[in-house]
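FYI, side chains are in, hydrogens and waters are out, and symmetry mates aren't considered; it's all heavy atoms of this structure.
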Amino acid sequence: MEPRLAPPQLVAELPLPRKKTRRERLREEILNAPNLMTLGRIALIPLYLGLLAYENRHNSFLAAIVFSIAAISDWFDGWLARVSNKITTLGKFLDPLADKLIVLSALVMLLRLGRVPVWVVVVILAREFLISGLRTIAMSEGVVISASQGGKWKTSLQLSGIIALMVHYHFAIDYFFVRVVTDFQAVGLTLLYFSLVPGIASAVDYIRAFYTLDTGEGRG
């Protein structure tokens, strides 16, 4: 006598989750904390530009504080995106866009106020457009050119220089046991000039990196 087989158990099929629309994904990405912080940085731009438009000793100092908050929060929103695992496509677009808008808008206003030479702004603009173009072409070929150490030095010196140029006026600063009247215009210009060295060097490095993508040669 053949053994009787148990009837197969019926398994209920679970409905597949609905695929989110592009609008829903975009709304979700915009509302995550790192991207909201990036948008907040962009929203600070009209504030420090407005303070500099009505330039005086008090407003220049306040503009420098607002710009410092926008600059420092760049590190914080990137850190928050990494630790919360909320690195999004929108964030990858917004973060570098916010960096460029913050720096370039400040430089244009400082140029209007006569606090920075035209040629310095032209060199910085040319460098940013060149690297953005190279990165875009590389990304279209599925390759990402990572930021160099020189670029990070450039950013640090550049931001520090812009902050000092916004302060602009002479202030008495206590350096431990010595009180010195500091010319922030001179300090800012010096830092901005220094930032051109790693800025140009890193641009050359980007060009070399882009060249090796096609030739396959190693970077020296």
Side-chain angles (χ1 to χ4, degrees), residues 22 25-26 29-30 32 34-35 37-42 44-45 49 67 70-82 85-111 116-163 165 188-220:
R22 181 180 300 175
R25 292 196 304 271
L26 181 61
E29 289 187 6
I30 289 176
N32 76 32
N35 290 341
M37 188 172 297
T38 302
L39 292 173
R41 292 169 55 211
I42 296 175
L44 290 176
I45 294 175
L49 291 181
F67 182 85
I72 294 172
S73 61
D74 173 37
W75 174 85
F76 189 70
D77 64 8
W79 172 82
L80 185 60
R82 290 189 296 272
N85 197 26
K86 290 184 178 179
I87 299 175
T88 61
T89 302
L90 180 65
K92 292 177 182 178
F93 166 75
L94 281 179
D95 191 57
L97 175 65
D99 294 341
K100 289 178 175 56
L101 287 176
I102 288 168
V103 170
L104 298 181
S105 62
L107 286 173
V108 170
M109 179 57 77
L110 291 172
L111 180 62
V116 61
V118 175
W119 70 268
V120 173
V121 178
V122 170
V123 170
I124 293 174
L125 279 172
R127 189 253 183 205
E128 294 302 326
F129 285 137
L130 172 65
I131 291 179
S132 296
L134 291 178
R135 277 182 162 174
T136 301
I137 296 172
M139 287 177 64
S140 68
E141 298 180 4
V143 180
V144 176
I145 303 178
S146 59
S148 64
Q149 188 61 40
K152 295 175 182 178
W153 276 106
K154 180 271 302 180
T155 300
S156 299
L157 290 169
Q158 197 175 83
L159 293 176
S160 300
I162 291 174
I163 292 170
L165 287 169
L189 278 179
T190 301
L191 291 172
L192 207 58
Y193 290 150
F194 281 152
S195 74
L196 296 178
V197 177
I200 294 172
S202 62
V204 173
D205 196 40
Y206 274 107
I207 294 171
R208 291 177 59 209
F210 181 78
Y211 174 76
T212 59
L213 294 179
D214 184 52
T215 62
E217 297 175 9
R219 293 173 63 181

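In this structure, CD on Q158 lies 11.0 Å from CG on L165, to the nearest 0.5 angstrom. Put simply, CD1 on I124 and CZ on R127 are 9.5 Å apart, with the number rounded to the nearest 0.5 Å. We find the CG-OH distance between L134 and Y206 to be 9.5 Å, quoted to the nearest 0.5 Å. The structure places CG of L157 at 11.0 Å from OG1 of T190, a figure rounded to the nearest 0.5 Å. K154 NZ to I200 CD1: the interatomic distance, rounded to the nearest 0.5 Å, is 11.5 Å. Atom CD1 of I131 sits about 9.0 Å away from atom CG of D205, to the nearest 0.5 Å.
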Sequence neighbours left out, cut at 3.5 Å: what donor-acceptor pairs do the side chains of residues 192-199 make with other protein atoms?
{"unit_1": "S195", "atom_1": "OG", "unit_2": "L192", "atom_2": "O", "d": "2.6"}

Donor-acceptor contacts, no H, no angles, side chain residues 100-110, under 3.5 Å, sequence neighbours left out:
{"unit_1": "S105", "atom_1": "OG", "unit_2": "Y48", "atom_2": "OH", "d": "3.0"}
{"unit_1": "S105", "atom_1": "OG", "unit_2": "L101", "atom_2": "O", "d": "2.6"}
{"unit_1": "S105", "atom_1": "OG", "unit_2": "I102", "atom_2": "O", "d": "3.2"}

Assess whether side-chain contact (heavy atoms from CB on, under 4.5 Å) is satisfied between L191 and I163, documenting all intermediate values. CA-CA 10 Å; L191 291 172; I163 292 170; over 6 Å; no
